Amino acid sequence: MDQELDIEQYLEEQYDIMDVSLLAGKIMLESGAETYRVEDTMMRIAASYGIKESHSYVTPTGIMFSIETEEPTKTKLMRISNRTTDLKKVMLVNSTSRRIAKGELDVPQAYRILKRIYASDETYSLQTRIAAASISSGCFLMMFQGGWVDFIPAVIAGGIGFASVGYFQELISIKFFAEFMASLIIGVLALLFVYLGFGAEPDKIIIGSVMPLVPGLLITNAVRDLIAGHLISGLSKGAEAFLTAFAIGSGIAVVVTFL
């Protein structure tokens, strides 16, 4: 009887370790971490808790994790639906992983900490992000050798374009449609400012205003995953970045063609 209880407790502990590893991987993947970093962190956490051999397979839309034990191999699958950029969460998970490796956290403590990280929402407010996008649009315009006369139009167009992405995503949960509409609005505003005499170079205004929409982190992660040998993840992220760029370019092309 005691032996059966010990086996049940042992199996339960293994499942708890898998839950901790999967939660850490989910937070990192949803927050914009590279695929190879997610896999490495999950296996390190499992190894720190005494799992001699574990396997993780991560794609942008799912995580599979298994552990090899004396009992039959245990495998769990987790679906990833939402992806954003929150590098602070990635840093917090990395910090928690290091504490686990040092033996400072047991399994329940680590799970509670990761749950708090997952539930936390410390991102900047929408108004702050719009303001940052507006200012960066003006700065990008100057970087691309635009004139000061176009600075304010780029700030306004960039801010409105960035805000419209969130609006259209809530209206229709299709990311590429939202980016297409945002770039369309940016193009219309740029031409309108020049037509009204508030700007001089519509191409520079458009270039500066669309830069906050460009998937820079996604492109970087796609290249890093390809270099690390994660071909499926690298190609899928690259395809997502290409579709985003295509949506932005299509919106501008429609404006330039018909207006």
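Just so it is clear, the model here is predicted, and its values are computed rather than measured.
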Inset, instruction - Flag the pair I67 / I17 as yes when at least one side-chain heavy-atom distance between them is below 4.5 Å, and no otherwise. - result: no
Inset, instruction - Using a 4.5 Å cut-off on heavy atoms from C-beta on, say whether the side chain of S137 contacts that of P212. - result: yes
Inset, instruction - Determine, using the 4.5 Å side-chain heavy-atom cutoff (strictly less than), whether L218 and L231 are members of one ILVMFWY cluster. - result: no
Legend entry - Pairwise side-chain contact, S120 with K89, heavy-atom cut-off 4.5 Å (strictly under): yes
Inset, instruction - Measure the spacing between OG of S31 and OH of Y118 and express it to the nearest 0.5 Å. - result: 9.0 Å
Legend entry - Heavy-atom donor-acceptor pair, S97 side chain to V93 backbone, under 3.5 Å: no
Inset, instruction - Start with the C-alpha distance between T61 and R83, add both sets of side-chain angles, then the distance that settles side chain to side chain contact (heavy atoms under 4.5 Å, CB included), and finish with yes or no. - result: CA-CA 9 Å; T61 56; R83 295 184 301 278; 3.7 Å; yes
Inset, instruction - For the pair S183 (side chain) and F180 (backbone), establish whether a donor and an acceptor sit closer than 3.5 Å, ignoring hydrogens and angles. - result: yes
Legend entry - Audit row: I63, K76, side chain to side chain contact (heavy atoms under 4.5 Å, CB included) steps and yes/no: CA-CA 8 Å; I63 300 174; K76 283 191 174 184; over 6 Å; no
Legend entry - Euclidean distance, T96 OG1 relative to R112 CZ, rounded to 0.5 Å: 13.0 Å
Inset, instruction - Measure across A222 and K237 and return the closest heavy-atom pair with its distance rounded to 0.1 Å. - result: CB-CB, 3.8 Å
Legend entry - Short side-chain to backbone donor-acceptor contact, D150 and G199, under 3.5 Å: no
Inset, instruction - Determine whether the side chains of D225 and S233 contain a donor N or O and an acceptor N or O closer than 3.5 Å. - result: no
Inset, instruction - Check whether more than 12 heavy atoms from other residues, nucleotides or ligands sit under 6.0 Å from atom CZ of F176, and answer yes or no. - result: yes
Inset, instruction - Would you confirm whether T257, through its side chain, and V254, through its main-chain N or O, come within 3.5 Å as a donor-acceptor pair? - result: no
Inset, instruction - Starting at CD1 of I206, measure out to CD of E201 and round the result to the nearest 0.5 Å. - result: 11.5 Å
Inset, instruction - May I ask you to decide if the ring planes of F242 and F246 are parallel, tilted or perpendicular, using 30° and 60° as cut-offs? - result: parallel
Inset, instruction - Measure the spacing between CG of D86 and CD1 of I117 and express it to the nearest 0.5 Å. - result: 10.5 Å
Inset, instruction - Kindly work out whether a path of hydrophobic side-chain contacts (I/L/V/M/F/W/Y, heavy atoms less than 4.5 Å apart) joins Y57 to L29. - result: no
Inset, instruction - Would you check if the side chain of S209 reaches a backbone N or O of I205 as a donor-acceptor pair within less than 3.5 Å? - result: yes
Inset, instruction - Grab the two heavy atoms, one from A178 and one from Q169, that are nearest each other, plus how far apart they are. - result: CB-CG, 3.6 Å
Inset, instruction - Kindly indicate, with the supporting measurements, whether the criterion side chain to side chain contact (heavy atoms under 4.5 Å, CB included) is fulfilled by R224 and R37. - result: CA-CA 10 Å; R224 295 185 69 173; R37 188 188 300 274; 3.8 Å; yes
Inset, instruction - Flag yes if more than 12 heavy atoms outside K115 fall under 6.0 Å of its NZ atom; otherwise flag no. - result: no
Legend entry - Test item: I160 and I185 side chains (from C-beta on) under 4.5 Å apart, heavy atoms: yes
Legend entry - Connected via hydrophobic side-chain network under 4.5 Å: I156 and I135: no
Inset, instruction - Taking the side chain as every heavy atom from C-beta outward, state whether Q14 and Y49 have any pair of such atoms under 4.5 Å apart. - result: no
Inset, instruction - Tell me, yes or no, whether the heavy-atom count around F198 atom CZ, taken from other residues, nucleotides or ligands under 6.0 Å, exceeds 12. - result: no
Legend entry - Exercise: identify the closest heavy-atom pair between G32 and N221: O-ND2, 2.8 Å
Inset, instruction - Please answer whether the main-chain N or O of G161 pairs with a side-chain N or O of S164 as donor and acceptor at a distance below 3.5 Å. - result: yes
Inset, instruction - Decide, yes or no, whether a salt bridge links E240 with K175 under the criterion of side-chain N to carboxylate O below 4.0 Å. - result: yes
Inset, instruction - Answer yes or no: does atom OH of Y36 have more than 12 heavy-atom neighbours from other residues, nucleotides or ligands under 6.0 Å? - result: yes
Legend entry - ILVMFWY cluster, V38 and L226 together (side-chain gap under 4.5 Å): no
Legend entry - Least distance between heavy atoms, A46 atom then S21 atom: N-OG, 3.9 Å
Inset, instruction - With the side chain counted from C-beta on, respond yes when F168 and E179 share a heavy-atom pair under 4.5 Å apart, and no when they do not. - result: no
Legend entry - Y111 vs L23 side-chain heavy atoms within contact, under 4.5 Å: yes
Inset, instruction - Assess whether atom CG of L77 is packed by more than 12 heavy atoms of other residues, nucleotides or ligands within 6.0 Å. - result: yes
Legend entry - Heavy-atom side-chain proximity of E53 to H55 below 4.5 angstrom: yes
Legend entry - Nearest heavy-atom neighbours spanning S54 and F65: CB-CZ, 3.9 Å
Legend entry - Nearest heavy atoms of S66 and T75, plus distance in Å: CB-OG1, 3.2 Å
Inset, instruction - To the nearest 0.5 angstrom, please state how far the OG atom of S56 sits from the CE atom of M18. - result: 11.0 Å
Inset, instruction - Start with the C-alpha distance between I186 and L213, add both sets of side-chain angles, then the distance that settles side chain to side chain contact (heavy atoms under 4.5 Å, CB included), and finish with yes or no. - result: CA-CA 11 Å; I186 288 173; L213 307 181; 4.0 Å; yes
Inset, instruction - May I ask whether Y195 and L191 are part of the same hydrophobic cluster, defined by side-chain heavy atoms of I, L, V, M, F, W, Y residues being less than 4.5 angstrom apart, directly or through others? - result: yes
Legend entry - N/O donor-acceptor pair under 3.5 Å between Q109 side chain and D106 backbone: yes
Inset, instruction - Supply the atom-to-atom distance K102 NZ to I100 CD1, rounded to the nearest 0.5 angstrom. - result: 12.5 Å
